Student: 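Below you will find the structure I want to go over with you.
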Amino acid sequence: MSRAYEESMEQHRNAYIAQALGIDVDTLDDYPFELDDNASNDGLVYSWRVLWDDEAPPGVDVSGDVGSLWSDIPVAPDGPNEDDRDA
């Protein structure tokens, strides 16, 4: 996979995450996070969980407690898919 493709995928993903959280991408970039799937045993993904490294952006709904904060968002609609990169 090319570096340009990886960057495009990340930008697309981050734009969706920011929109789902009600913030802009620049704000999202200031708050490190990891993305986890809420999926069934057969791989059906129900939602994404944004796991905040330290703190969430102001105004974003979070669950958990200090040091373990997360925000649940709907899975992005069909768009670029990492599994399609070799197709």
Side-chain angles (χ1 to χ4, degrees):
M1 176 172 14
S2 74
R3 179 72 181 144
Y5 183 80
E6 288 178 14
E7 289 176 4
S8 175
M9 289 292 298
E10 184 175 344
Q11 289 173 352
H12 178 73
R13 181 198 71 168
N14 287 353
Y16 173 77
I17 292 169
Q19 179 271 328
L21 294 169
I23 59 176
D24 61 50
V25 175
D26 291 333
T27 300
L28 182 65
D29 289 344
D30 291 338
Y31 292 86
F33 67 92
E34 293 181 34
L35 197 60
D36 195 20
D37 293 338
N38 174 16
S40 65
N41 290 337
D42 61 355
L44 179 64
V45 179
Y46 299 111
S47 64
W48 284 346
R49 180 163 282 178
V50 180
L51 306 169
W52 301 106
D53 286 359
D54 296 312
E55 61 183 347
V60 170
D61 290 335
V62 296
S63 299
D65 206 354
V66 174
S68 181
L69 296 174
W70 71 87
S71 301
D72 289 322
I73 61 172
V75 174
D78 288 338
N81 185 335
E82 290 179 5
D83 294 334
D84 293 340
R85 66 182 173 265
D86 296 325

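The figures that follow rest on heavy atoms only: side chains count, while hydrogens, waters and symmetry mates do not. Please read these numbers as outputs of a predicted model, since none were measured by experiment. For the single chain, residues carry numbers from 1 onward in sequence order.
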Student: Looking at side-chain heavy atoms only, is the closest gap between Asp30 and Asp26 below 4.5 Å?
Tutor: no
Student: Side-chain heavy atoms nearer than 4.5 Å, only ILVMFWY residues, links allowed to pass through others: does that put Trp48 and Val62 together?
Tutor: yes
Student: Any side-chain heavy atom of Pro74 within less than 4.5 Å of one from Tyr46?
Tutor: no
Student: Under the side chain to side chain contact (heavy atoms under 4.5 Å, CB included) rule, collect the residues that match up with Ala39, sequence neighbours excluded.
Tutor: Asp37, Val45
Student: Got a sec, which residues hit side chain to side chain donor-acceptor pair (under 3.5 Å) with Asp42, two or more places apart in sequence or on another chain?
Tutor: Ser40
Student: Do Val60 and Tyr31 come close enough that some side-chain heavy atom pair is under 4.5 Å?
Tutor: no
Student: A quick test of your reading: do over 12 heavy atoms of other residues, nucleotides or ligands sit less than 6.0 Å from CD of Glu34?
Tutor: no
Student: Please check if Met9 and Val75 belong to a single hydrophobic cluster, counting links between Ile, Leu, Val, Met, Phe, Trp and Tyr side chain heavy atoms closer than 4.5 Å.
Tutor: no
Student: Answer yes if Leu51 and Ile73 sit in the same cluster of Ile, Leu, Val, Met, Phe, Trp and Tyr residues linked by side chain heavy atoms under 4.5 Å apart, and no otherwise.
Tutor: no
Student: Taking salt bridge (Lys or Arg N to Asp or Glu O under 4.0 Å) as the definition, give me every residue that meets it alongside Asp53, ordered by chain and number, with sequence neighbours left out.
Tutor: none
Student: Do Tyr16 and Ile23 belong to the same hydrophobic cluster, where Ile, Leu, Val, Met, Phe, Trp and Tyr are linked whenever their side-chain heavy atoms lie under 4.5 Å apart, directly or via other members?
Tutor: yes
Student: Report the C-alpha distance between Ser71 and Asp61 in whole Å, list the side-chain angles of each, state the deciding distance to 0.1 Å, and finish with yes or no for side-chain contact (heavy atoms from CB on, under 4.5 Å).
Tutor: CA-CA 6 Å; Ser71 301; Asp61 290 335; 5.7 Å; no
Student: For Glu10, which residues count as a side chain to side chain contact (heavy atoms under 4.5 Å, CB included) partner, sequence neighbours excluded?
Tutor: Arg13, Asn14
Student: Do Val25 and Asp29 pass the side-chain contact (heavy atoms from CB on, under 4.5 Å) test, and can you show the C-alpha distance, the side-chain angles, and the key distance before you say yes or no?
Tutor: CA-CA 6 Å; Val25 175; Asp29 289 344; 3.9 Å; yes
Student: I need the His12 NE2 to Ile17 CD1 distance, nearest 0.5 Å.
Tutor: 10.0 Å
Student: Out of curiosity, does Leu35 fall in the hydrophobic cluster containing Trp70 (side-chain heavy atoms, cut-off under 4.5 Å, transitive links)?
Tutor: no
Student: Mind checking side chain to side chain donor-acceptor pair (under 3.5 Å) for Ser68 and listing every partner two or more places apart, or none if nothing turns up?
Tutor: none
Student: Under the side chain to side chain donor-acceptor pair (under 3.5 Å) test, which residues partner Ser47, sequence neighbours left out?
Tutor: Asn38
Student: Quick check for you: to the nearest 0.5 Å, what is the distance between Arg49 atom CZ and Ser63 atom OG?
Tutor: 7.0 Å
